[in-house]
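Shown next, in structure tokens, is the structure this report addresses.
We're numbering straight along the sequence, starting at 1. Numbering of ligands and ligand atoms starts at 1, following listing order.
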Amino acid sequence: MSAHPLRLGVNIDHVATVRNARGGSYPDPVRAALLAVEAGADGITAHLREDRRHIRDADMAALARTLTVPLNFEMAATDEMVALARTLKPHAACLVPEKREERTTEGGLDIVGGHDHLAPRIRALAEAGIRVSLFVEPDAAVMEAAHALGAPVVELHTGSYCEATVAGDAAATAHELARIVRAAEHGQGLGLEIHAGHGLTTDSVGPIARIPEIRELNIGHALIADAIFVGLPRAIRDMRAAMEAARAGSRGR
Ligand code: PXP
């Protein structure tokens, strides 16, 4: 059996980062999103952070209005964000932990300790028809907790794996990859849909794309960075090619 197709969600946050460096409205994240879709993105992801450091409310509203592909609204599990999502009705909401001082999302959600905080917010999103995903560490106990919370999707945090690849540490890379494989198998066994992301590049994406349980990757920083050198459409096509080459060697489970 061949593996299921692997979707690519393009995260456009850092188009907004560049825009905000000078204020004003250029470059426009919505234009980037439309270009990304033309180049082969299956969906668009944007993270409206509490401090609005990149994507702003007006961007989210414009994306929700304009896109014809699924919009994945990355957000902290706060009442403010839940209310916004219920108004904008994106296809999906990915709940992430958020600390003001961090540069990016540094770890997965604490869904064991955070159960009582998360449960009503997951319910409120689901009631609005939004597909909820939890951004979590790749760990079997965490898969159980995500399943107990009733979320249909988990996104496995690939940050530690990517850091190990960048450090050239083969043992740590193998260890982190094995954690992701185990969590993906366990999560799918529970009926969860498995996504993954954070820190992926064309160099590190292959072994993750080869994991047959993973249905979607969300990638941002590397694509926007590569776009500086080769343009956004080419950066997306190169990432897709790396994903598909790896996937072709994957057998479904
Ligand atoms: N998935 C989640 C939940 C994230 O928070 C991020 C970073 O915004 C990504 C994927 C994409 O990570 P990167 O920008 O490193 O590709």
Side-chain angles (χ1 to χ4, degrees), residues 6-18 20 29 32-33 36 41-55 59-60 63 70-78 81 85 90-100 102-111 118 125 131-138 142 146 151 153-166 176 180 183-184 187 192-206 208-209 214-228 232 235-236 238-240 242-243:
L6 179 61
R7 296 190 297 271
L8 172 62
V10 172
N11 179 316
I12 52 152
D13 291 350
H14 297 305
V15 176
T17 303
V18 174
N20 297 354
D42 297 297
I44 297 296
T45 296
H47 184 179
L48 184 65
R49 294 187 76 104
E50 188 196 0
D51 62 7
R52 307 316 198 252
R53 73 177 68 160
H54 36 58
I55 294 292
D59 297 323
M60 242 348 164
L63 289 166
L71 171 63
N72 178 27
F73 184 160
E74 242 186 67
M75 53 184 263
T78 62
M81 290 298 157
H91 167 77
C94 180
L95 298 181
V96 302
E98 219 178 275
K99 289 188 236 106
R100 229 172 239 277
E102 70 190 357
R103 264 184 298 177
T104 180
T105 312
E106 282 162 6
L109 279 170
D110 174 13
I111 56 175
L118 289 168
L125 291 166
R131 194 159 166 82
V132 179
S133 154
L134 304 177
F135 187 47
V136 292
E137 291 299 320
V142 172
V153 183
V154 287
E155 180 164 324
L156 303 180
H157 198 312
T158 51
S160 301
Y161 158 77
C162 291
E163 276 171 26
T165 66
V166 170
E176 293 300 336
I180 295 169
L192 293 166
E193 180 174 312
I194 312 295
H195 299 177
H198 206 280
L200 293 167
T201 66
T202 48
D203 289 335
S204 58
V205 79
I208 301 296
I214 295 180
R215 301 298 181 90
E216 177 174 311
L217 299 179
N218 283 300
I219 306 180
H221 184 264
L223 288 172
I224 306 307
D226 288 347
I228 292 170
L232 188 58
I236 290 169
D238 288 352
M239 186 62 78
R240 279 218 84 108
M243 286 164 57

- Item | ligand 1 contact by Ala222, heavy-atom criterion under 4.0 angstrom | no

- Task: Check Leu192 against Val153 and note the closest heavy-atom contact, atom names and distance.
- Result: CD2-N, 4.5 Å

- Message: Tell me whether His47 has any N or O atom under 3.5 angstrom from an N or O of ligand 1.
- Response: no

- Shortest reach to atom 8 (O) of ligand 1 by a heavy atom, considering only Ile219, Leu95, Asn11, Ile55: Asn11

- Message: Parallel, tilted or perpendicular: which one describes the rings of His198 and His157, with boundaries at 30° and 60°?
- Response: tilted

- The atoms of ligand 1 lying under 4.0 Å from a heavy atom of Val96, numbered in the order shown, are 3 (C)

- Would you kindly specify which portion of His157 sits under 4.0 Å from ligand 1, judged on non-hydrogen atoms: side chain, backbone, both or neither? neither

- Query: Judged by atom type as modelled, is there a donor-acceptor pair below 3.5 Å linking the side chain of Thr202 to the main-chain atoms of Met239?
  - Reply: no

- Task: Begin from the C-alpha positions of His47 and Glu74 and carry the test side-chain hydrogen bond (donor to acceptor under 3.5 Å, both in side chains) through to its verdict.
- Result: CA-CA 4 Å; His47 184 179; Glu74 242 186 67; 3.1 Å; yes

- Among Glu74, Met75, Arg49, the residue with a heavy atom nearest to atom 2 (C) of ligand 1 is Glu74

- Any N/O of Glu155 closer than 3.5 Å to an N/O of ligand 1? yes

- Query: About how many Å separate CD of Glu163 and OG of Ser204, when rounded to the nearest 0.5 Å?
  - Reply: 11.5 Å

